[in-house]
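Shown next, in C-alpha cells, is the structure this report addresses.
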Amino acid sequence: MEKPKILPPTLREKHRYIVFEIISEEPIEYKDFSKSVWLACLSFLGELKTSESEVKIIRNLFNPRTQQGVIRCRNDATEHVRAALSLITKIGEKNAIIKVLGITGTISSAKRKYLGFTDLSNFETSLKEGE
Amino acid sequence: MKYYDLHIDSEKLEEIIEMAKLLGFSGIFVNVQNIEERRLNENLKQFLSPEKNNEIELIRGVIIKAKNKEELKAQIEKYRRKVEIIAVYGGDYEINRLACEDNRVDILYHPELGRNDSGLDHICIKSAAENNVAIEINFNEILKSKNRAKILSFMRKNIKLCKKYEAKIIITSGATEKWEMRAPRELASIGYVLGLDLKDAIDAVSINPETKINENREKLKGNIIGNVRIVEEF
C-alpha cells in the first residue's frame, strides 16, 4: 500500500513527548500499561478530547527494566494528558502511580535528558543489551 | 521550588514519607491526632523536630471535624497555639461558612463533600479572601467519587469564585494510603484542567502552602502579633 507523502514542516502538527516512570508493587508489562492509559484517557477526557490530543504510546522506548517510557501528544494537550495519567490507580490489578519526569520537544532530547543515554547512535542495541 | 502536600490523613507515616521522597515533595502534612507520643520511634521524632534539616519537613497540623458552632470554636481555641496548620473538615454549609469567617482557620477541606451543590457561595468566598482562609481542591475526592463529572463541576464553580474574589486555593492529594498520593506537578495539572491558569495551579501546590506555613511558624515563635511583625529588637 502506498503511503501519503510526508507533510512540509509548516503543515505538520506540533508534538510534545511526555517522559514518565511507573511506580508500582511489581514490574508492569507494556500490554497492561497501554490498555490502562487508553482507558484513563477515554474515561477522563472523552473520545473527542482524546482524538484532539492525539495520544500515542511509543512502544520501542518503553523499557520494562527501568519502567520508563515516552508518550507522544499534541503540544496544547500536555496538561490534559497529564491529568488523565494521574487518575490511573491500578495497572493490571497492581497498585501503580505514573510519575511524569518531564516534557520535551524531541525524542532525542528525551533520551538524553531523562532516559540516560549519552551516545544516541547505538540506542537500539544498548536497549537490548540492558534487558 | 518547594512542593507541599497539606492533606494526608494516614497512620502509616513511614510508608507515606518514603513515597513523598520518591514523588519529590519537600514537606507533608501530619495529623497530630493520629500520632500518640508513646508510639513514636526515634526515626520519626527526628523528623518532627523542626530545627533539624531533614530531606522532608513534617508539618504538624490538625483536622477539625465539628458538628456545630460551639464545638468548632472550642476546637480551634484548643489547638491554635500548638500546631502549624489548622484545617476544618467541610461539607456542611454552616460549618463551611463559619470556617471561612474565622481568621484562625488556615484551610477549609473539601467544601463539596457529600453535597448536591458546590457548598460555597460568594459570601463565603469573600470572607475567606478577607480572613486568608485557603480553599482546598481534594484529589482523592475526584479519584474515589462514583460520579466524577458532578464533583468536577462543583470544583470548577469554587475555582471560578476563588479567582474572582482572589481567595487562595490549595491543591492536595487527600491521601489515606501511599498509593493515593500523586506527584506535585500532576496535582497542579488537575487544577489547570479545572480552569486555573498554569502559574496559579503550580502556586497552589508550592507557594500558597509555603507562605501559610512560614507565617504560622513565625506566629508560633511570637514574631508576629496581630498585624505587626517584629523585624529587629533593640
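Only a predicted model underlies this, so the values are computations on that prediction, with no experimental measurement involved. Labels below follow one simple rule: chain letters A, B, ... track the order of the sequence lines, proteins then strands, and each chain is numbered from 1. Values below: every heavy atom of this structure, side chains too, minus hydrogens, waters and symmetry copies.
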With heavy-atom distances below 4.5 Å as the criterion, would you say the side chains of [X] and [Y] are in contact?
X: A/Glu79; Y: B/Leu198; value: yes
X: B/Glu186; Y: A/Leu85; value: no
X: A/Thr78; Y: B/Tyr192; value: no

Are more than 12 heavy atoms from other residues, nucleotides or ligands located less than 6.0 Å from atom [atom1] of [X]?
X: A/Ile6; atom1: CD1; result: no
X: A/Glu29; atom1: CD; result: no
X: B/Lys168; atom1: NZ; result: no
X: B/Lys126; atom1: NZ; result: no
X: A/Arg59; atom1: CZ; result: no
X: A/Lys94; atom1: NZ; result: yes

What's the spacing between [X] [atom1] and [Y] [atom2] if we round to 0.5 Å?
X: A/Phe44; Y: B/Ile142; atom1: CZ; atom2: CD1; value: 7.0 Å
X: B/Met19; Y: A/Lys99; atom1: CE; atom2: NZ; value: 10.5 Å
X: A/Ile97; Y: B/Leu23; atom1: CD1; atom2: CG; value: 5.5 Å

Practice task
Between chain B and each of A/Ala84, A/Ser86, A/Ala96, A/Ser43, count heavy-atom pairs under 4.5 Å; write down the option with the most.
Solution key: A/Ser86
Exercise for the section: Pick one of side chain, backbone, both or neither for B/Leu187, based on which atoms fall under 4.5 Å of a heavy atom in chain A. Expected result: neither
Problem - Contact origin within B/Lys144 toward chain A - heavy atom pairs under 4.5 Å - result: neither
Handout entry: Residue, of B/Ala149, B/Ser189, B/Ala183, B/Gly191, that accumulates the most heavy atom pairs under 4.5 Å with chain A
Key = B/Ser189
Need one label for [X]: side chain, backbone, both or neither, based on atoms under 4.5 Å from any heavy atom in chain B.
X: A/Ile23; value: both
X: A/Leu45; value: neither
X: A/Ser24; value: backbone
X: A/Glu25; value: both

Completion exercise
All heavy atoms of A/Thr89 vs all of B/Arg182, minimum pair found to be CG2-NH2, 3.7 Å
